Visitor: 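First the structure, which I've put down as structure tokens, then a few questions once you've had a look.
In this text the structure is predicted, and so the values were computed from the model without any measurement. We name chains A, B, ... by the order of the sequence lines, and we start the count at 1 in each one.
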Amino acid sequence: MSMDVADSFVGGFSFDFGFLAEASAKTTHAGLSALDVCGMVMVSVGLVFFLGAAVGLYRFPDFYTRMHAAGKGDTLSSLLILLGFGLITLDDFSMVGWLLVVKLLAIVLFIMLTSPTSTHALMRAGYEDGVEPVTKGSSSKNTKKEVES
Amino acid sequence: MTGLALFNLFILVFMVVAAVISLRLKDLLTASVVFGIYSFLMCLLWAEMGAVDVAFTEAAVGAGVSAVFLVATVFNVKRKSSD
Amino acid sequence: MKKVALAVTLFIGALLLYAAKDFSAWGDLQSPASASPVSKHFIADTGVDTEVPNMVTAVLADYRGFDTMFETVVIFIAGIAIIAILRCTGADADSPALERESDVATEPDLIVTNTVRLLIPVIQLFAFYVLAHGHVSPGGGFQGGVIMGASFILVALAWDLPKAMERLSVDRAVMLAGVGILIYAGIGLLSMLLGGEFLDYAELSHVLPVSPEMARYHAMLGVEIGVAFTVTAVMFAIYANLSTRGRLAGGL
Amino acid sequence: MFGEDGLLNELLVERFNYCVYVVLLLIGLYAMIAKNNLIKKLIGMSIFQTAIILFYVSIGVKEGGTIPIYVAEHDPHGHHAEHAAHREEANATEATEENATTAAVSNEEDHGHHAPRSLTDEETFGYANPLPHVLMLTAIVVGVATLGVALALTQRIYRAFGTIEEDDVLAAIRAEDASTVIPDLLSTKPKRVKATQRKAKKA
């Protein structure tokens, strides 16, 4: 008797996704399938959001607005990029592709939970440490210095 | 540039920059966090070299746990450094 | 001092750069490390000898099992040493240097604690996955153990250390670390009792209903579990001592 | 200077990665020697360590080699989905003799695994060298354990001297040495400087 751990995990399932692959193969003759294009668009949009987050992190006047830019932009762009990767991977509807997509979705869920939480924790730590938010009266330069010191 | 990918080059340069920054910062907490960034770049480089197990270990140990150890120590000693 | 340091560093740097031109080029197939029979044997015969697809795991836990066992012992000793160094005794316990410059808020944050409550089971499950699936994918005892230890550290970060010590007290962690090494050495001794040499897992096929190759496969899992025990316990013990200066009370 | 077989060409272009490792190692070394703060020294030590690990791992890289995990057709169990597809293909075409025998075996015992075989020399070049990975994997984990020990020593030093700057610690130790009379070996009780006295002296 030969126990086979890998077998019971992977080999046991032998779903046949051939029909889906055939369906998508009709579109792939042009070079790119619709899923590929969707994935690439999502990755590009994610990169744009990443750029926005980076610029916001650099340009915003005080701690809170900077964390806002980082938290929002970072979460959304990571999600978009990972989902785009998932769509591109899904292209041939093979078993391996599906497994990868499930793993990517798990990462997406993890980031969706943890990234806003960590932003919140940082914000709260800043608030309890007495970091002043920039207001209408205060000049932005002073606040920046105060945060950095 | 035979065989050495451009990706490797970028990561290597960023790593040198991160190392220098983490050693020049006067605030030890920030230095620890930048050291975490250095470890993470190192982990990317190893994953790219095909050493997946090493990269996995570095991601868990270098970027995660050792940064936490450093921060825990910095909180218990002085946070400002003289150099 | 700085000038001396700079001179020393530059001198060593010049030596190393002088030596660098003798190294083989990037990714050279005929470099000494790649062309050596040892490395070739590991790549070519791991599948035949142990049926483990991940060569790194096979080399780590089987071919170089003795080495890994004492690496684990080193980690254990490091954990003990930290506890011994930081334990507060006598006049040290109330010395003024123990006061922190800035103390952190003691109230655990609602959002953080609830998210952590959601995540901890997932993280621990993932640690088990990494540990058990280390034969066919990247992972193994060290990585799984570190992730497991990190989950306890996360509890200590989100609430405070006593909350984490309800789950895994430092005394129990030290015990678990010892248990991990005993599991490792026990598997080695068992294979010795069955007629082989120390850590020669193939002999375990006398007691397990599998072929000698699969016996090595399963014994590697057992060994990795031992490593994971030690690493988990030691990582948490190190954090608990470092974050509270050995007093094991209060938050970070 | 940058000619085909000039030294600079050899160093900066073909072996650029080694140059960067040397730079990282020197950054770590310099920090360990010249930095005054103990935690900075420890960060420098970690950088030094990772530079050496990086060097070892990069030795294991092979041009065109994949990660050191068997691909489906070399997999000793051969049960992955890809392999099944491969088998079907081989069954249909029966292109090579080897594939045909594999298919025959797999047809005979439907869910049993085909016998694993030793790889040829050419096939071993398809995988990165696993040996440096193993050595460095344990080195990383042991590295973090020793970093923990070093951090514990740092905290202990802070507890004793109230500072983690190397100069101040050395000055405090010298002052203590100067004020301590080395006791006669035959005298009754060795004199010990208590922590409280040390604090008072510093203040």
Visitor: How long is the span from the NZ atom in B/K80 to the CG atom in D/N37, to the nearest 0.5 Å?
Guide: 11.5 Å

Visitor: Output the residues of residues 23-30 of chain D for which the shortest heavy-atom distance to chain B is under 4.5 Å, in residue-number order; output 'none' if no such residue exists.
Guide: D/V23, D/L24, D/I27

Visitor: Give, as side chain, backbone, both or neither, the part of D/I53 having an atom under 4.5 angstrom from any heavy atom of chain B.
Guide: both

Visitor: Identify the two heavy atoms, one from B/S82 and one from D/E165, that lie closest to each other, and give their separation to 0.1 Å.
Guide: OG-OE1, 2.6 Å

Visitor: Pick whichever of D/G44, D/G148, D/S46, D/P130 has the most heavy-atom pairs under 4.5 Å with chain B.
Guide: D/S46

Visitor: Distance from B/K78 atom NZ to D/I164 atom CD1, nearest 0.5 Å?
Guide: 8.0 Å

Visitor: Need one label for B/F69: side chain, backbone, both or neither, based on atoms under 4.5 Å from any heavy atom in chain D.
Guide: both

Visitor: Taking all heavy atoms of B/G50 and all of D/P68, pick out the closest pair and write down the distance.
Guide: O-CD, 3.2 Å

Visitor: For the CG atom of B/L70 and the CG atom of D/L147, what is their distance to the nearest 0.5 Å?
Guide: 5.5 Å

Visitor: Which bit of B/M49 comes within less than 4.5 Å of chain D, counting heavy atoms only: side chain, backbone, both or neither?
Guide: both

Visitor: With B/T73 as reference, evaluate D/L151, D/L42, D/L38 under the side chain to side chain contact (heavy atoms under 4.5 Å, CB included) test and give the passing residue.
Guide: D/L151

Visitor: Please look at B/L28 and chain D and tell me whether the side chain, the backbone, both or neither of the residue comes under 4.5 angstrom of a heavy atom of that chain.
Guide: side chain

Visitor: Report the distance from atom NE2 of D/H133 to atom CG of B/D53, rounding to the nearest 0.5 Å.
Guide: 8.5 Å

Visitor: Does B/F14 have more than 12 heavy atoms from other residues, nucleotides or ligands lying within 6.0 Å of its CZ?
Guide: no

Visitor: Please name the residue in the list B/N8, B/V16, B/V13, B/L9 that meets the side chain to side chain contact (heavy atoms under 4.5 Å, CB included) test with D/V20.
Guide: B/V16

Visitor: Check D/I47 against B/F35 and note the closest heavy-atom contact, atom names and distance.
Guide: CG1-CE1, 4.0 Å

Visitor: Is D/K40 reaching over with its side chain to a backbone N or O of B/L25, donor-acceptor style, under 3.5 angstrom?
Guide: yes

Visitor: Once rounded to the nearest 0.5 Å, what's the spacing between atom CG of D/L137 and atom OG1 of B/T57?
Guide: 3.5 Å

Visitor: Using non-hydrogen atoms only, which part of D/A34 is less than 4.5 Å away from chain B: side chain, backbone, both, or neither?
Guide: backbone

Visitor: Please classify the contact of D/Y21 with chain B as side chain, backbone, both or neither, using a heavy-atom distance under 4.5 Å.
Guide: side chain

Visitor: Among D/T163, D/D167, D/T154, D/V144, who wins on heavy-atom pairs under 4.5 Å with chain B?
Guide: D/V144

Visitor: Are there residues of residues 58-66 of chain B that reach to under 4.5 Å of chain D by heavy atoms, and which ones?
Guide: B/E58, B/V61, B/S66

Visitor: Check the pair B/Y38, D/I43 against side chain to side chain contact (heavy atoms under 4.5 Å, CB included), reporting the backbone distance first and the verdict last.
Guide: CA-CA 11 Å; B/Y38 169 85; D/I43 291 179; over 6 Å; no

